[in-house]
2 protein chains.
Amino acid sequence: MRVISKKPRRPPQSPRLQVNEALAALLNKHHPGEQLPTEPQLAQQLGVSRATLREAMRSFEERGLLVRRHGVGTFVAQPPPVIESGLEELESLDTLARRIGLETSMGEALIEEREATSDEADHLQISPGDPVLAVARVMLTDAQPVAYLVDVIPTTWLRLQDLGEAFNGSVLDMFLQRGEPALSHSRTDIVAEAADGMLARKLRLRRGDVLLKLEAQLVALDGRVVDYSLSYFVPGHFRFHVVRRVGKNNGESTLAKV
Amino acid sequence: MRVISKKPRRPPQSPRLQVNEALAALLNKHHPGEQLPTEPQLAQQLGVSRATLREAMRSFEERGLLVRRHGVGTFVAQPPPVIESGLEELESLDTLARRIGLETSMGEALIEEREATSDEADHLQISPGDPVLAVARVMLTDAQPVAYLVDVIPTTWLRLQDLGEAFNGSVLDMFLQRGEPALSHSRTDIVAEAADGMLARKLRLRRGDVLLKLEAQLVALDGRVVDYSLSYFVPGHFRFHVVRRVGKNNGESTLAKV
DNA sequence: CAGTGGTCTAGACCACACG
DNA sequence: GTGTGGTCTAGACCACTGA
């Protein structure tokens, strides 16, 4: 037990990362449905406490990679198809892609300061004509377009000159790294939409082809809207899911009548 | 520390429930934005370990009632203007429609017992050919089709004869009312899809028209899959959203074998 | 019944935020 | 530096599952 106040500390890395890696390796070695070693066994093998192991397992379970059954055991879940993301955690597409080892690059991009349209002002809780920074880009994998992303940010939050060399295209990542303003959550509408001429051209599809559209408002801890974004996804590359929990109570509009 | 193997045990209730109640009371006493006592303080006040307190706090934070900021403190979240509302709460479309005052009726319906297809068996964690109950129906508002819904349930959970007069078409509502099996959550994939011939006919669209598709596995508390459902929505009638929270994300590879 | 995951404790140390 | 939440440990007991 580590009780002494000296600081020998870790040669390899943090227990958490180590456990995450080991778990990922385990999952790759086992087939879906197979049972994993018991928690005490695994904890000892990995040289961490059971609490630490369970914390890591929790995140795997949330991502749908693991199934734990009380009194029975822990099992490998179904293999996730394609690129998959649980929507409840806010994460940039770039971060997601990197995390799963996907090569992406930024295609045709446009960054400009202009005046907010009426619709944008509405979602950003500002006035039409107020200055905003607009960032539009195409995301590519293997030189093939997979998504078209637009961010609109009031210039009170972000100016053109704030985008340094390190800017990778993700406004969300930039805000998270900068830490200012502190972010709370995003409210994301989910829509299926047909590609119009502009989208068809940018994504190399035909007009009328089906797209998944995420329309999001990024909200700071103080409640103000920081970013209004539209994301269009070509089917077959990304796959999103959400975990819907049986309600304890507080029901309200999950959907609005249009 | 409780080390002795005697069983004095608790007079009131489980620490978890006690802490949940105390936290809820605390939140009602404080205004949004106010800072709560530190974790060690709270833990001592409530007479539980810090780990137990943190476990309870985690669920409050997930529900958006609390905000914890590393190195700063714990705060009461902003007034939830119905934040806790999107897809994250599991509720039947019928219940939702009724609550928002939308008149719906069940059109063209088909209920039958048959053998599970390979794809269905996969999602239900059973074997192909195992008997299932399939419930397919069209949802109408104003005599106009707005959604096509299919539920597939292993007959171990539900038989044709279990559907009484009161069955309104919603398998979820039926399970919730029956209380058996106890439900946990659903894992819902979100996809944009073009209507095929069958869907086009049932929803009175043209082939190739865009649809939002929700593909869900309904999971019981014991982890078993109770229901596999496909829901196709005609755009313009329903609008779904989800609240995505900024991640405390963990470290590494979610990578999956193919 | 044996074996599994679920909860809980007391205490220590780590990492971050902010004056 | 001071104070906060975040991680981690070793061990014990609880509650469920299934033979």
Side-chain angles (χ1 to χ4, degrees), chain A residues 1-10 12-20 23 34-61 66-77 176-182 221, chain B residues 1-10 12-20 23 34-44 46-61 66-76 181-182 184 220-224 246-251:
Chain A
M1 193 193 300
R2 164 167 49 102
V3 178
I4 300 304
S5 55
K6 273 313 237 353
K7 287 164 190 166
R9 288 301 58 207
R10 325 175 196 98
Q13 49 183 343
S14 84
R16 182 66 151 277
L17 292 181
Q18 171 201 342
V19 170
N20 278 333
L23 273 181
E34 280 188 17
Q35 183 166 7
L36 299 179
T38 70
E39 294 185 353
Q41 281 172 17
L42 262 182
Q44 189 179 12
Q45 285 177 26
L46 303 178
V48 300
S49 75
R50 200 177 146 212
T52 301
L53 171 64
R54 279 178 59 76
E55 185 63 24
M57 279 183 153
R58 180 199 311 266
S59 82
F60 276 73
E61 189 178 30
L66 260 181
V67 176
R68 289 188 285 184
R69 298 177 61 182
H70 193 173
V72 183
T74 304
F75 304 83
V76 180
L176 288 176
Q177 188 186 350
R178 192 171 78 175
E180 177 60 30
L221 277 181
Chain B
M1 194 191 299
R2 165 165 48 103
V3 178
I4 300 304
S5 55
K6 272 316 233 359
K7 286 164 191 165
R9 292 297 62 212
R10 323 181 193 94
Q13 47 183 346
S14 81
R16 183 67 152 277
L17 292 181
Q18 172 202 341
V19 170
N20 278 333
L23 273 182
E34 281 188 18
Q35 184 166 8
L36 298 180
T38 69
E39 294 185 352
Q41 280 173 17
L42 261 182
Q44 190 179 12
L46 303 178
V48 299
S49 75
R50 202 179 143 209
T52 301
L53 171 65
R54 280 179 59 76
E55 184 63 24
M57 278 183 153
R58 182 199 311 268
S59 83
F60 275 73
E61 189 178 29
L66 262 183
V67 176
R68 288 189 285 184
R69 301 181 64 180
H70 193 173
V72 182
T74 304
F75 304 83
V76 181
S184 164
L221 278 181
D222 61 14
R224 283 181 288 182
V246 174
K248 316 288 185 184
N249 46 341
N250 9 287

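Chain letters run A, B, ... following the sequence lines, proteins first and then strands; every chain starts at 1.
Under the side-chain contact (heavy atoms from CB on, under 4.5 Å) criterion, E39(B) pairs with R50(B), L53(B), R54(B), M57(B), R68(B), sequence neighbours left out. Applying the side-chain contact (heavy atoms from CB on, under 4.5 Å) test to A182(A) and every residue at least two apart in sequence or in another chain returns L221(A), R69(B). Scored by the side-chain contact (heavy atoms from CB on, under 4.5 Å) test, Q44(B) finds no partners at all (sequence neighbours excluded).
Annotation: proximity of residues 49-57 of chain B to DNA chain C (heavy atom, distance under 4.0 Å) is found for S49(B), R50(B), A51(B), T52(B), numbered in ascending order.
Counting to the nearest Å, the C1' atom of dT9(C) and the CG atom of L42(B) are 17 Å from each other. One can place CG of L46(B) at 15 Å from C1' of dT9(C), the figure rounded to the nearest angstrom. Between the CG atom of L17(B) and the P atom of dG6(C) there is a distance of 17 Å, given to the nearest Å. A straight line from CZ of F60(A) to P of dG5(C) spans 16 Å, rounded to a whole angstrom. Atom P of nucleotide dG5(D) and atom CZ of R16(A) are separated by 18 Å, given to the nearest angstrom. Between the CD atom of Q18(A) and the P atom of dC14(C) there is a distance of 17 Å, given to the nearest Å. In this structure, R68(B) atom CZ and dA17(C) atom P are separated by 16 Å, rounded to whole Å.
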Please enumerate all protein N or O atoms sitting under 3.5 Å from an N or O of nucleotides 2-4 of chain C, with distances to 0.1 Å.
residue : atom : partner : partner atom : Å
dG3(C)  : N2   : G71(A)  : O            : 3.0

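Classification of E55(A) and R58(A) as a salt-bridged pair holds, one side-chain N sitting under 4.0 Å from a carboxylate O.
Checking E61(A) against V48(B), the closest nucleotide of DNA chain C that is more toward the 5' end is the one next to E61(A).
Between T74(B) atom OG1 and E34(B) atom CD the span is 13.5 Å, to the nearest 0.5 Å. The structure places CD of Q41(A) at 11.5 Å from CG of L46(A), a figure rounded to the nearest 0.5 Å.
Direction change of the helix axis from one end of the helix from dC1(C)-dG18(D) to dC18(C)-dG1(D) to the other is 20°, with five pairs defining each end axis (rounded to 10°).
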L36(B) vs L66(B), test: side chain to side chain contact (heavy atoms under 4.5 Å, CB included). Steps then yes/no. CA-CA 10 Å; L36(B) 298 180; L66(B) 262 183; 3.5 Å; yes

